[in-house]
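Both backbone and side-chain heavy atoms feed into the values below; hydrogens, waters and symmetry mates do not.
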Amino acid sequence: MRYLSIIALLLLLLACTTDPPRNLTNSCEIFEDKDDWYRDAKQAYERWGTPIHVQLAIIYQESRFVDDARPPRDHILWVIPWGRISSAYGYAQAQDSTWDWYIEKTGNRGADRDDFDDAVDFVSWYGRISNQQLGISQWDTYNQYLAYHEGHGGSRRKTYDDKPWLKDVATKVSARASEYHTQLSRCEADLDDGWSLWPF
(Lines give C-alpha, C1' and ligand atoms only; values in the text may rest on other atoms or scores of the structure.)
Protein backbone atom coordinates (compact mmCIF):
# COMPACT_ATOMS: atom_id res chain seq x y z
CA MET A 1 0.00 0.00 0.00
CA ARG A 2 2.87 2.34 0.84
CA TYR A 3 4.39 1.78 -2.63
CA LEU A 4 1.08 2.63 -4.30
CA SER A 5 0.93 5.88 -2.32
CA ILE A 6 4.49 6.77 -3.36
CA ILE A 7 3.74 6.01 -7.01
CA ALA A 8 0.55 8.10 -6.85
CA LEU A 9 2.50 11.00 -5.33
CA LEU A 10 5.18 10.79 -8.02
CA LEU A 11 2.56 10.75 -10.76
CA LEU A 12 0.90 13.79 -9.21
CA LEU A 13 4.19 15.66 -9.08
CA LEU A 14 4.94 14.79 -12.69
CA ALA A 15 1.50 15.99 -13.73
CA CYS A 16 2.19 19.37 -12.10
CA THR A 17 5.31 20.03 -14.17
CA THR A 18 5.16 21.78 -17.53
CA ASP A 19 7.48 20.74 -20.33
CA PRO A 20 9.23 23.60 -22.16
CA PRO A 21 8.02 24.40 -25.67
CA ARG A 22 9.47 22.16 -28.36
CA ASN A 23 11.06 25.04 -30.29
CA LEU A 24 12.47 27.72 -28.00
CA THR A 25 13.85 29.85 -30.83
CA ASN A 26 10.56 30.78 -32.52
CA SER A 27 8.02 32.89 -30.65
CA CYS A 28 5.15 31.87 -32.94
CA GLU A 29 5.87 28.19 -32.33
CA ILE A 30 6.21 28.79 -28.59
CA PHE A 31 2.69 30.21 -28.48
CA GLU A 32 1.37 27.56 -30.84
CA ASP A 33 2.78 24.88 -28.54
CA LYS A 34 1.59 26.58 -25.32
CA ASP A 35 -1.68 28.11 -26.42
CA ASP A 36 -2.49 29.90 -23.14
CA TRP A 37 0.93 31.54 -22.87
CA TYR A 38 0.17 34.25 -25.43
CA ARG A 39 -2.80 35.43 -23.38
CA ASP A 40 -0.57 35.57 -20.29
CA ALA A 41 2.21 37.51 -22.04
CA LYS A 42 -0.26 39.88 -23.72
CA GLN A 43 -1.99 40.64 -20.43
CA ALA A 44 1.37 41.29 -18.74
CA TYR A 45 2.30 43.68 -21.57
CA GLU A 46 -1.01 45.52 -21.31
CA ARG A 47 -0.70 45.74 -17.53
CA TRP A 48 2.92 46.87 -17.24
CA GLY A 49 4.17 47.81 -20.72
CA THR A 50 7.14 45.49 -21.25
CA PRO A 51 6.73 44.01 -24.75
CA ILE A 52 6.11 40.32 -25.26
CA HIS A 53 9.34 39.72 -27.18
CA VAL A 54 11.36 41.27 -24.34
CA GLN A 55 9.58 39.09 -21.78
CA LEU A 56 10.30 35.95 -23.81
CA ALA A 57 13.95 36.79 -24.42
CA ILE A 58 14.61 37.35 -20.72
CA ILE A 59 12.85 34.13 -19.73
CA TYR A 60 14.73 32.20 -22.43
CA GLN A 61 18.02 33.44 -21.03
CA GLU A 62 17.10 32.84 -17.42
CA SER A 63 15.52 29.38 -17.56
CA ARG A 64 15.08 28.14 -21.15
CA PHE A 65 11.37 28.02 -20.22
CA VAL A 66 11.89 25.38 -17.53
CA ASP A 67 9.24 25.98 -14.88
CA ASP A 68 11.23 24.79 -11.86
CA ALA A 69 14.70 25.89 -12.95
CA ARG A 70 17.22 26.53 -10.19
CA PRO A 71 20.83 27.78 -10.22
CA PRO A 72 23.58 25.19 -9.74
CA ARG A 73 24.62 24.01 -6.30
CA ASP A 74 27.67 25.37 -4.57
CA HIS A 75 30.31 22.84 -3.44
CA ILE A 76 32.53 22.46 -0.41
CA LEU A 77 36.12 21.70 -1.42
CA TRP A 78 34.88 21.66 -5.05
CA VAL A 79 33.37 18.20 -4.49
CA ILE A 80 30.65 18.04 -1.82
CA PRO A 81 27.31 19.51 -3.02
CA TRP A 82 26.05 22.26 -0.74
CA GLY A 83 23.33 24.92 -0.97
CA ARG A 84 22.32 26.71 -4.14
CA ILE A 85 24.41 29.71 -5.17
CA SER A 86 21.25 31.85 -4.96
CA SER A 87 17.54 31.56 -4.17
CA ALA A 88 16.57 32.14 -7.82
CA TYR A 89 13.78 29.87 -8.98
CA GLY A 90 11.32 29.30 -11.79
CA TYR A 91 10.84 30.64 -15.29
CA ALA A 92 12.08 34.13 -14.43
CA GLN A 93 14.78 33.04 -11.96
CA ALA A 94 13.49 35.59 -9.47
CA GLN A 95 15.18 35.50 -6.08
CA ASP A 96 13.14 35.15 -2.89
CA SER A 97 13.51 38.78 -1.81
CA THR A 98 12.70 40.19 -5.26
CA TRP A 99 9.67 37.94 -5.61
CA ASP A 100 8.43 39.01 -2.19
CA TRP A 101 8.86 42.64 -3.25
CA TYR A 102 6.84 41.97 -6.42
CA ILE A 103 4.02 40.37 -4.41
CA GLU A 104 4.01 43.24 -1.91
CA LYS A 105 3.86 45.93 -4.59
CA THR A 106 1.38 44.24 -6.93
CA GLY A 107 -0.84 42.46 -4.41
CA ASN A 108 -0.54 39.26 -6.46
CA ARG A 109 -0.67 37.10 -3.33
CA GLY A 110 -1.08 33.75 -5.02
CA ALA A 111 1.80 34.24 -7.47
CA ASP A 112 4.15 31.30 -8.02
CA ARG A 113 7.49 31.45 -9.76
CA ASP A 114 6.83 28.17 -11.56
CA ASP A 115 3.62 29.48 -13.17
CA PHE A 116 4.20 31.08 -16.56
CA ASP A 117 1.47 33.69 -16.15
CA ASP A 118 3.01 34.94 -12.90
CA ALA A 119 6.54 34.82 -14.35
CA VAL A 120 5.72 37.00 -17.38
CA ASP A 121 3.79 39.37 -15.14
CA PHE A 122 6.87 39.65 -12.92
CA VAL A 123 9.23 40.26 -15.86
CA SER A 124 6.93 42.90 -17.33
CA TRP A 125 6.47 44.56 -13.92
CA TYR A 126 10.22 44.58 -13.32
CA GLY A 127 10.70 46.24 -16.69
CA ARG A 128 8.23 48.95 -15.65
CA ILE A 129 10.19 49.57 -12.43
CA SER A 130 13.45 49.72 -14.40
CA ASN A 131 11.84 52.34 -16.62
CA GLN A 132 10.56 54.36 -13.67
CA GLN A 133 13.72 54.18 -11.56
CA LEU A 134 16.42 54.15 -14.21
CA GLY A 135 14.78 55.67 -17.27
CA ILE A 136 15.36 52.53 -19.36
CA SER A 137 12.88 52.13 -22.20
CA GLN A 138 10.85 48.96 -21.82
CA TRP A 139 11.68 48.21 -25.46
CA ASP A 140 15.44 48.42 -24.77
CA THR A 141 16.14 44.74 -24.19
CA TYR A 142 19.90 45.17 -23.75
CA ASN A 143 19.71 47.61 -20.84
CA GLN A 144 16.56 46.03 -19.44
CA TYR A 145 18.42 42.73 -19.14
CA LEU A 146 21.43 44.36 -17.45
CA ALA A 147 19.08 45.92 -14.89
CA TYR A 148 17.27 42.60 -14.49
CA HIS A 149 20.51 40.73 -13.84
CA GLU A 150 22.29 43.30 -11.67
CA GLY A 151 19.27 44.73 -9.87
CA HIS A 152 18.34 48.38 -9.93
CA GLY A 153 21.04 49.39 -7.47
CA GLY A 154 23.71 47.52 -9.41
CA SER A 155 22.50 48.96 -12.68
CA ARG A 156 22.60 52.47 -11.21
CA ARG A 157 26.21 51.84 -10.13
CA LYS A 158 26.97 50.27 -13.54
CA THR A 159 28.38 47.12 -11.98
CA TYR A 160 28.06 45.49 -15.41
CA ASP A 161 31.02 47.57 -16.61
CA ASP A 162 33.27 45.14 -14.71
CA LYS A 163 31.55 42.14 -16.33
CA PRO A 164 32.26 41.99 -20.06
CA TRP A 165 30.78 38.49 -20.13
CA LEU A 166 27.45 39.91 -18.90
CA LYS A 167 27.45 42.55 -21.62
CA ASP A 168 27.95 39.74 -24.14
CA VAL A 169 24.97 37.90 -22.65
CA ALA A 170 22.86 41.08 -22.79
CA THR A 171 23.77 41.45 -26.47
CA LYS A 172 22.56 37.89 -27.11
CA VAL A 173 19.34 38.52 -25.19
CA SER A 174 18.75 41.66 -27.25
CA ALA A 175 19.37 39.77 -30.50
CA ARG A 176 16.97 37.02 -29.47
CA ALA A 177 14.32 39.59 -28.59
CA SER A 178 14.68 41.09 -32.07
CA GLU A 179 14.19 37.64 -33.61
CA TYR A 180 11.14 37.00 -31.44
CA HIS A 181 9.73 40.39 -32.43
CA THR A 182 10.19 39.71 -36.15
CA GLN A 183 8.55 36.31 -35.79
CA LEU A 184 5.65 37.72 -33.79
CA SER A 185 4.95 40.29 -36.49
CA ARG A 186 4.02 37.37 -38.76
CA CYS A 187 1.65 35.60 -36.37
CA GLU A 188 0.45 38.11 -33.78
CA ALA A 189 -2.72 39.01 -35.69
CA ASP A 190 -3.75 35.35 -35.70
CA LEU A 191 -2.81 35.02 -32.04
CA ASP A 192 -4.90 38.10 -31.22
CA ASP A 193 -7.86 36.67 -33.13
CA GLY A 194 -7.60 33.44 -31.18
CA TRP A 195 -7.14 35.31 -27.90
CA SER A 196 -10.25 37.41 -28.47
CA LEU A 197 -12.30 34.23 -28.76
CA TRP A 198 -11.23 32.93 -25.35
CA PRO A 199 -13.89 33.34 -22.67
CA PHE A 200 -11.41 34.46 -20.01
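In summary, of the residues considered (Ile59, Ile58, Val66), a side-chain contact (heavy atoms from CB on, under 4.5 Å) with Glu62 occurs for Ile58 alone. Of the residues Tyr142, Trp165, Tyr160, the one that meets the ring pair (Phe, Tyr, Trp, His ring centres under 6.0 Å) test with His149 is Trp165.
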Legend entry - Step-by-step side chain to side chain donor-acceptor pair (under 3.5 Å) determination, Tyr126 to Gln144: CA-CA 9 Å; Tyr126 199 91; Gln144 280 285 344; over 6 Å; no

Inset, instruction - Decide yes or no on side-chain contact (heavy atoms from CB on, under 4.5 Å) for Thr98 and Tyr102, but give the supporting numbers first. - result: CA-CA 6 Å; Thr98 312; Tyr102 159 73; 5.9 Å; no

Legend entry - Test log, rule side-chain contact (heavy atoms from CB on, under 4.5 Å), inputs Asp115 and Thr18: CA-CA 9 Å; Asp115 285 346; Thr18 302; over 6 Å; no

Legend entry - Derivation of the side-chain contact (heavy atoms from CB on, under 4.5 Å) call for Tyr45 and Asp40: CA-CA 9 Å; Tyr45 167 57; Asp40 299 332; over 6 Å; no

Inset, instruction - Give the intermediate values and the outcome of ring pair (Phe, Tyr, Trp, His ring centres under 6.0 Å) for residues Trp37 and Phe116. - result: CA-CA 7 Å; Trp37 282 15; Phe116 185 80; 3.8 Å; yes

Inset, instruction - Show your working on side-chain contact (heavy atoms from CB on, under 4.5 Å) between Asp117 and Gln43 and close with a plain yes or no. - result: CA-CA 9 Å; Asp117 59 338; Gln43 288 177 338; over 6 Å; no

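Side chains of Asp114 and Tyr91: no donor on one and acceptor on the other come within 3.5 Å. Judged purely by distance below 3.5 Å, without hydrogens or angles, the side chains of Asn26 and Asn23 never pair a donor atom with an acceptor atom. Counted by atom type alone, Gln93 and Ser63 present zero donor-acceptor pairs between their side chains at under 3.5 Å. Side-chain N/O atoms of His53 and Ser27 include no donor and acceptor closer than 3.5 Å. Side-chain atoms of Tyr89 and Gln95 include no donor-acceptor pair closer than 3.5 Å. Between Gln138 and Thr50, the side chains place a donor N or O and an acceptor N or O closer than 3.5 Å (distance only, hydrogens not considered).
Contact of the Glu188 side chain with the Ile52 side chain is registered, since non-hydrogen atoms from C-beta on lie closer than 4.5 Å. Residues Val54 and Tyr148 form no side-chain contact, since every pair of their non-hydrogen atoms from C-beta on lies 4.5 Å or further apart.
Nearest heavy-atom pair across Trp99 and Ala119 is CH2-N, 4.4 Å. Contact record, Arg128 with Trp48: NE-O, 2.9 Å, taken as the closest heavy-atom pair. Contact between His152 and Ser130 at its shortest, heavy atoms only, is NE2-OG, 2.9 Å. Of all non-hydrogen atoms in Val123 and Ala92, the two that sit nearest each other are CG2-CB, 3.9 Å. Shown here for Asp33 and Pro21, the closest heavy-atom pair between the two residues is OD2-CA, 3.2 Å.
Few gaps surround NZ on Lys34; more than 12 heavy atoms of other groups in view lie less than 6.0 Å from it. Within 6.0 Å of atom CZ in Arg47, more than 12 heavy atoms from other residues, nucleotides or ligands are found, so the atom counts as buried in its surroundings.
Residue Cys187 holds its SG atom at 11.5 Å from CG of Asp193, rounded to the nearest 0.5 Å.
A salt bridge does not link Arg113 with Asp68: none of the charged nitrogens is closer than 4.0 Å to a carboxylate oxygen. One finds no salt bridge joining Glu150 and Arg157 here, because no Lys/Arg side-chain nitrogen approaches an Asp/Glu carboxylate oxygen to under 4.0 Å.
In this structure, Thr182 contributes its side chain and Ser178 its backbone to a donor-acceptor pair below 3.5 Å. Between the side chain of Ser155 and the backbone N or O of Gly151, no donor-acceptor pair lies under 3.5 Å. No donor-acceptor distance shorter than 3.5 angstrom exists from the side chain of Tyr38 to the backbone of Glu32, with no hydrogens or angles considered. Panel note: side chain Ser124, backbone Val120; no donor-acceptor pair is recorded below 3.5 Å.
Follow the hydrophobic side-chain contacts under 4.5 Å out from Phe122 and you never reach Ile136; the two are in separate clusters.
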